[in-house]
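Computed from a prediction, not measured in an experiment: that's the story for all the values here.
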Amino acid sequence: MRIDVLSLFPDMFKPTLGQSIVGRAQDDGFLDIHVTDFRHFTTDKHNHVDDAPFGGGAGMLLQAQPIFDAMAAIDEEAQKENYPKGRVILMDPAGRKFDQDYAQELAQEEHLTFICGHYEGYDERIRQLVTDEASLGDYVLTGGELAAMVMIDATVRFVPGVLGNMSSSMGDSFSNGLLEYPQYTRPAEFRGMKVPEVLTSGNHEKIRQWRMYQSLKRTWERRPDLIEQAKLSREQQIMLQDVKLGEDPTMQ
(Lines give C-alpha, C1' and ligand atoms only; values in the text may rest on other atoms or scores of the structure.)
Protein backbone atom coordinates (compact mmCIF):
# COMPACT_ATOMS: atom_id res chain seq x y z
CA MET A 1 0.00 0.00 0.00
CA ARG A 2 1.14 3.53 -0.79
CA ILE A 3 0.10 6.33 1.55
CA ASP A 4 0.58 10.00 0.68
CA VAL A 5 0.07 12.86 3.11
CA LEU A 6 -0.18 16.55 2.25
CA SER A 7 0.85 18.69 5.20
CA LEU A 8 2.45 22.01 6.08
CA PHE A 9 4.28 20.25 8.92
CA PRO A 10 5.87 17.10 7.46
CA ASP A 11 8.31 16.75 10.36
CA MET A 12 5.39 15.85 12.64
CA PHE A 13 5.10 12.49 10.89
CA LYS A 14 8.70 11.29 11.15
CA PRO A 15 8.81 10.35 14.86
CA THR A 16 5.41 8.64 14.73
CA LEU A 17 5.16 6.84 11.40
CA GLY A 18 8.78 5.73 11.57
CA GLN A 19 8.30 3.78 14.80
CA SER A 20 6.74 0.54 16.01
CA ILE A 21 4.45 -1.44 13.71
CA VAL A 22 4.09 1.26 11.06
CA GLY A 23 7.83 1.82 10.86
CA ARG A 24 8.52 -1.90 10.68
CA ALA A 25 5.90 -2.34 7.95
CA GLN A 26 7.73 0.26 5.87
CA ASP A 27 11.06 -1.46 6.43
CA ASP A 28 9.52 -4.78 5.38
CA GLY A 29 8.04 -3.30 2.21
CA PHE A 30 4.35 -3.57 3.10
CA LEU A 31 3.91 0.21 3.22
CA ASP A 32 5.29 3.09 1.20
CA ILE A 33 4.58 6.39 2.99
CA HIS A 34 5.32 9.81 1.49
CA VAL A 35 4.71 13.15 3.22
CA THR A 36 4.57 16.21 0.97
CA ASP A 37 4.89 19.80 2.15
CA PHE A 38 2.41 21.50 -0.15
CA ARG A 39 3.92 24.90 0.65
CA HIS A 40 6.57 23.94 -1.90
CA PHE A 41 3.90 24.13 -4.59
CA THR A 42 2.64 27.64 -3.94
CA THR A 43 3.11 30.24 -6.68
CA ASP A 44 2.95 33.07 -4.14
CA LYS A 45 6.26 34.91 -3.96
CA HIS A 46 6.00 35.06 -0.15
CA ASN A 47 5.23 31.30 0.05
CA HIS A 48 1.76 31.96 1.44
CA VAL A 49 -0.71 29.08 1.14
CA ASP A 50 -3.61 30.82 2.88
CA ASP A 51 -5.69 33.93 2.38
CA ALA A 52 -8.68 35.77 3.86
CA PRO A 53 -12.14 34.46 2.91
CA PHE A 54 -14.25 36.32 0.38
CA GLY A 55 -17.15 38.04 2.10
CA GLY A 56 -15.18 38.53 5.30
CA GLY A 57 -15.02 36.41 8.43
CA ALA A 58 -12.55 35.24 11.04
CA GLY A 59 -9.42 33.29 10.22
CA MET A 60 -7.67 32.30 7.03
CA LEU A 61 -8.42 29.61 4.45
CA LEU A 62 -6.07 27.25 2.65
CA GLN A 63 -5.90 28.21 -0.99
CA ALA A 64 -6.83 25.77 -3.72
CA GLN A 65 -3.76 26.27 -5.98
CA PRO A 66 -1.04 24.68 -3.78
CA ILE A 67 -3.24 21.67 -2.99
CA PHE A 68 -4.23 21.11 -6.62
CA ASP A 69 -0.64 21.31 -7.83
CA ALA A 70 0.66 19.06 -5.04
CA MET A 71 -2.02 16.48 -5.83
CA ALA A 72 -1.10 16.56 -9.52
CA ALA A 73 2.55 15.83 -8.64
CA ILE A 74 1.56 12.98 -6.30
CA ASP A 75 -0.74 11.44 -8.90
CA GLU A 76 2.03 11.56 -11.51
CA GLU A 77 4.56 9.93 -9.17
CA ALA A 78 2.13 7.24 -8.05
CA GLN A 79 1.19 6.45 -11.63
CA LYS A 80 4.84 5.89 -12.50
CA GLU A 81 4.97 3.29 -9.71
CA ASN A 82 1.76 1.66 -11.00
CA TYR A 83 -0.42 2.76 -8.09
CA PRO A 84 -4.02 3.78 -8.82
CA LYS A 85 -5.26 7.20 -7.76
CA GLY A 86 -7.10 5.60 -4.85
CA ARG A 87 -9.03 7.34 -2.09
CA VAL A 88 -8.28 10.96 -1.24
CA ILE A 89 -9.24 11.81 2.33
CA LEU A 90 -9.75 15.36 3.52
CA MET A 91 -9.36 15.74 7.28
CA ASP A 92 -12.37 17.81 8.33
CA PRO A 93 -14.40 18.03 11.59
CA ALA A 94 -17.56 17.85 9.48
CA GLY A 95 -16.53 14.58 7.82
CA ARG A 96 -17.52 10.95 8.36
CA LYS A 97 -16.60 9.78 11.84
CA PHE A 98 -13.66 7.41 11.76
CA ASP A 99 -14.11 3.97 13.33
CA GLN A 100 -12.87 0.40 13.03
CA ASP A 101 -15.15 -0.41 10.10
CA TYR A 102 -13.86 2.63 8.24
CA ALA A 103 -10.27 1.51 8.92
CA GLN A 104 -10.96 -1.95 7.49
CA GLU A 105 -12.59 -0.35 4.47
CA LEU A 106 -9.59 1.88 3.76
CA ALA A 107 -7.19 -1.03 4.21
CA GLN A 108 -8.61 -2.60 1.05
CA GLU A 109 -7.16 0.22 -1.06
CA GLU A 110 -3.78 0.20 -2.79
CA HIS A 111 -3.29 3.96 -2.48
CA LEU A 112 -4.53 6.47 0.10
CA THR A 113 -3.91 10.21 0.19
CA PHE A 114 -4.59 12.35 3.27
CA ILE A 115 -4.95 16.13 3.02
CA CYS A 116 -4.22 17.83 6.34
CA GLY A 117 -5.78 21.24 6.77
CA HIS A 118 -4.72 24.09 8.99
CA TYR A 119 -5.93 27.59 9.78
CA GLU A 120 -9.70 28.19 9.71
CA GLY A 121 -10.55 25.84 6.87
CA TYR A 122 -10.34 25.11 3.15
CA ASP A 123 -11.23 26.86 -0.04
CA GLU A 124 -14.35 24.91 -0.96
CA ARG A 125 -12.97 24.03 -4.39
CA ILE A 126 -10.42 21.70 -2.77
CA ARG A 127 -13.26 19.28 -2.07
CA GLN A 128 -13.44 18.53 -5.79
CA LEU A 129 -10.22 16.54 -5.37
CA VAL A 130 -11.40 14.27 -2.57
CA THR A 131 -13.37 11.04 -2.30
CA ASP A 132 -13.74 11.12 1.51
CA GLU A 133 -14.04 13.68 4.28
CA ALA A 134 -13.12 12.23 7.67
CA SER A 135 -13.15 13.25 11.33
CA LEU A 136 -12.00 11.59 14.55
CA GLY A 137 -14.92 12.98 16.51
CA ASP A 138 -16.89 16.00 17.59
CA TYR A 139 -13.99 18.27 18.48
CA VAL A 140 -11.56 20.52 16.63
CA LEU A 141 -7.79 20.04 16.41
CA THR A 142 -5.23 22.66 15.46
CA GLY A 143 -4.59 20.81 12.22
CA GLY A 144 -5.31 17.54 10.46
CA GLU A 145 -1.91 15.97 11.09
CA LEU A 146 -2.71 14.15 14.34
CA ALA A 147 -6.00 12.89 12.94
CA ALA A 148 -4.28 11.58 9.81
CA MET A 149 -1.68 9.75 11.90
CA VAL A 150 -4.39 8.07 13.95
CA MET A 151 -6.24 6.98 10.81
CA ILE A 152 -3.07 5.66 9.19
CA ASP A 153 -2.07 3.71 12.30
CA ALA A 154 -5.52 2.13 12.67
CA THR A 155 -5.83 1.37 8.96
CA VAL A 156 -2.47 -0.27 8.29
CA ARG A 157 -3.11 -2.85 11.02
CA PHE A 158 -5.49 -4.49 8.53
CA VAL A 159 -3.03 -4.51 5.64
CA PRO A 160 -1.94 -8.14 5.06
CA GLY A 161 1.52 -8.81 6.45
CA VAL A 162 1.74 -5.73 8.67
CA LEU A 163 0.85 -7.53 11.91
CA GLY A 164 2.01 -10.93 10.76
CA ASN A 165 -0.99 -12.60 12.42
CA MET A 166 -4.27 -11.12 11.12
CA SER A 167 -6.16 -12.65 14.04
CA SER A 168 -4.48 -10.02 16.22
CA SER A 169 -6.36 -7.20 14.51
CA MET A 170 -9.61 -9.16 14.24
CA GLY A 171 -9.59 -9.67 18.01
CA ASP A 172 -9.18 -5.98 18.77
CA SER A 173 -11.91 -4.04 20.50
CA PHE A 174 -14.60 -2.86 18.03
CA SER A 175 -13.57 -5.35 15.32
CA ASN A 176 -16.60 -7.51 16.14
CA GLY A 177 -18.70 -4.60 17.41
CA LEU A 178 -17.85 -5.29 21.06
CA LEU A 179 -15.12 -4.36 23.52
CA GLU A 180 -12.31 -6.85 23.99
CA TYR A 181 -12.37 -9.35 26.87
CA PRO A 182 -9.82 -9.11 29.76
CA GLN A 183 -6.44 -10.72 29.13
CA TYR A 184 -3.66 -11.95 31.42
CA THR A 185 -0.08 -13.18 31.19
CA ARG A 186 2.47 -14.69 33.60
CA PRO A 187 2.69 -14.99 36.53
CA ALA A 188 -0.64 -16.68 37.31
CA GLU A 189 -0.71 -14.86 40.66
CA PHE A 190 0.65 -11.37 41.26
CA ARG A 191 0.35 -9.57 44.60
CA GLY A 192 -2.62 -11.68 45.55
CA MET A 193 -4.39 -11.17 42.23
CA LYS A 194 -5.02 -14.46 40.43
CA VAL A 195 -5.71 -15.24 36.81
CA PRO A 196 -9.21 -16.74 36.37
CA GLU A 197 -8.88 -20.52 36.63
CA VAL A 198 -10.76 -21.12 33.39
CA LEU A 199 -7.86 -19.54 31.44
CA THR A 200 -5.39 -22.09 32.81
CA SER A 201 -7.76 -25.06 32.54
CA GLY A 202 -6.79 -26.02 29.00
CA ASN A 203 -10.48 -26.34 28.10
CA HIS A 204 -10.68 -24.30 24.91
CA GLU A 205 -14.47 -24.34 24.69
CA LYS A 206 -14.85 -23.00 28.22
CA ILE A 207 -12.21 -20.36 27.50
CA ARG A 208 -14.11 -19.31 24.37
CA GLN A 209 -17.36 -19.00 26.31
CA TRP A 210 -15.66 -17.10 29.16
CA ARG A 211 -14.16 -14.62 26.72
CA MET A 212 -17.48 -14.12 24.97
CA TYR A 213 -19.24 -13.49 28.29
CA GLN A 214 -16.55 -11.07 29.48
CA SER A 215 -16.63 -9.17 26.19
CA LEU A 216 -20.41 -8.81 26.40
CA LYS A 217 -20.23 -7.85 30.09
CA ARG A 218 -17.57 -5.20 29.56
CA THR A 219 -19.43 -3.74 26.59
CA TRP A 220 -22.76 -3.74 28.45
CA GLU A 221 -21.22 -1.96 31.43
CA ARG A 222 -19.04 0.54 29.58
CA ARG A 223 -20.50 1.05 26.10
CA PRO A 224 -24.12 -0.14 26.00
CA ASP A 225 -24.57 1.86 22.81
CA LEU A 226 -22.35 -0.67 21.03
CA ILE A 227 -24.61 -3.52 22.13
CA GLU A 228 -27.54 -1.86 20.37
CA GLN A 229 -25.58 -1.65 17.11
CA ALA A 230 -23.83 -5.04 17.23
CA LYS A 231 -25.07 -7.98 15.19
CA LEU A 232 -25.10 -10.58 17.95
CA SER A 233 -25.26 -14.29 17.27
CA ARG A 234 -27.99 -16.36 18.91
CA GLU A 235 -25.45 -17.59 21.45
CA GLN A 236 -24.40 -14.04 22.26
CA GLN A 237 -28.03 -12.91 22.62
CA ILE A 238 -28.70 -15.65 25.17
CA MET A 239 -25.48 -14.89 27.03
CA LEU A 240 -26.32 -11.18 27.09
CA GLN A 241 -29.45 -11.98 29.08
CA ASP A 242 -27.22 -13.68 31.68
CA VAL A 243 -25.04 -10.55 31.74
CA LYS A 244 -28.06 -8.36 32.41
CA LEU A 245 -29.20 -10.68 35.21
CA GLY A 246 -25.72 -10.73 36.74
CA GLU A 247 -25.39 -14.48 36.17
CA ASP A 248 -22.20 -16.03 34.78
CA PRO A 249 -22.83 -19.50 33.30
CA THR A 250 -19.15 -19.77 32.27
CA MET A 251 -18.10 -20.07 35.90
CA GLN A 252 -20.41 -22.99 36.66
(request) For side-chain contact (heavy atoms from CB on, under 4.5 Å), just list the numbers for Arg2 and Glu81, CA-CA rounded to whole Å, side-chain angles, deciding distance to a tenth of an Å, and then say yes or no. (result) CA-CA 10 Å; Arg2 176 182 172 121; Glu81 298 180 5; 3.1 Å; yes
Do [X] side-chain atoms and [Y] backbone N/O form a donor-acceptor pair below 3.5 Å?
{"X": "Gln108", "Y": "Gln104", "answer": "yes"}
{"X": "Asp248", "Y": "Thr250", "answer": "yes"}
{"X": "Arg39", "Y": "Asn47", "answer": "yes"}
{"X": "Ser215", "Y": "Arg211", "answer": "no"}

Partners of [X] by ring pair (Phe, Tyr, Trp, His ring centres under 6.0 Å), sequence neighbours excluded?
{"X": "His46", "answer": "His48"}
{"X": "His34", "answer": "none"}
{"X": "Phe98", "answer": "Tyr102"}

(message) So Phe30 and Met1, do their side chains get closer than 4.5 Å, heavy atoms only?
(response) no
(message) Any heavy-atom pair between the side chains of Leu6 and Thr113 that's under 4.5 Å?
(response)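 Side chain of Thr113 against side chain of Leu6, heavy atoms only: contact under 4.5 Å found.
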(request) Can you sort out the partners of Phe190 under side-chain contact (heavy atoms from CB on, under 4.5 Å), two or more places apart, ordered by chain and number? (result)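 Pro187, Met193.
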Name each donor-acceptor pair under 3.5 Å that joins a side chain in residues 8-21 to protein atoms two or more places apart or in another chain, with its distance.
| unit_1 | atom_1 | unit_2 | atom_2 | d |
| --- | --- | --- | --- | --- |
| Asp11 | OD1 | Lys14 | NZ | 3.3 |

(request) Not counting sequence neighbours, list each pair that qualifies as a side chain to side chain donor-acceptor pair (under 3.5 Å) and has a residue in residues 133-148. (result) Ser7-Glu145, Arg127-Glu133
(message) Run the side-chain contact (heavy atoms from CB on, under 4.5 Å) test on Leu178 and Leu216 for me, step by step, so that the C-alpha distance in whole Å, both residues' side-chain angles and the decisive distance to 0.1 Å come before the verdict.
(response) CA-CA 7 Å; Leu178 303 173; Leu216 286 165; 3.8 Å; yes
(request) Count the heavy atoms of every other residue, nucleotide or ligand shown that sit under 6.0 Å from CZ of Arg125, and state whether that count exceeds 12. (result)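 No, not enclosed.
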Salt bridge check: are [X] and [Y] linked by an N-O gap of less than 4.0 Å?
{"X": "Glu110", "Y": "Lys85", "result": "no"}
{"X": "Lys206", "Y": "Glu197", "result": "no"}
{"X": "Glu105", "Y": "Arg87", "result": "yes"}
{"X": "Glu77", "Y": "Lys80", "result": "no"}

(request) Measure across Pro182 and Trp210 and return the closest heavy-atom pair with its distance rounded to 0.1 Å. (result) O-CZ3, 3.8 Å
(message) Tell me the closest heavy-atom pair linking Gln236 and Ser233, and the distance in Å.
(response)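 Scanning both residues completely, I find the closest heavy atoms to be OE1-N, 2.8 Å.
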(request) Examine the side chains of Asp4 and His111 and answer whether a donor and an acceptor come within less than 3.5 Å of each other. (result) yes
(request) Would you kindly say whether Asp69 and Gln65 are connected by a side-chain donor-acceptor distance under 3.5 Å? (result)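 Yes - a donor-acceptor pair under 3.5 Å links their side chains.
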(message) Once rounded to the nearest 0.5 Å, what's the spacing between atom CG of Leu240 and atom NZ of Lys217?
(response)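 Here the rounded value is 12.5 Å.
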(request) Output the distance between atom OG1 (Thr155) and atom CG (Leu106), rounded to the nearest 0.5 Å. (result)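 Taking OG1 in Thr155 and CG in Leu106, the distance rounds to 4.5 Å.
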(message) Let me check something: do Trp220 and Ile238 share a hydrophobic cluster, defined by ILVMFWY side-chain heavy atoms less than 4.5 Å apart, either directly or through other members?
(response)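 They do not share one cluster, since no chain of ILVMFWY contacts under 4.5 Å joins Trp220 to Ile238.
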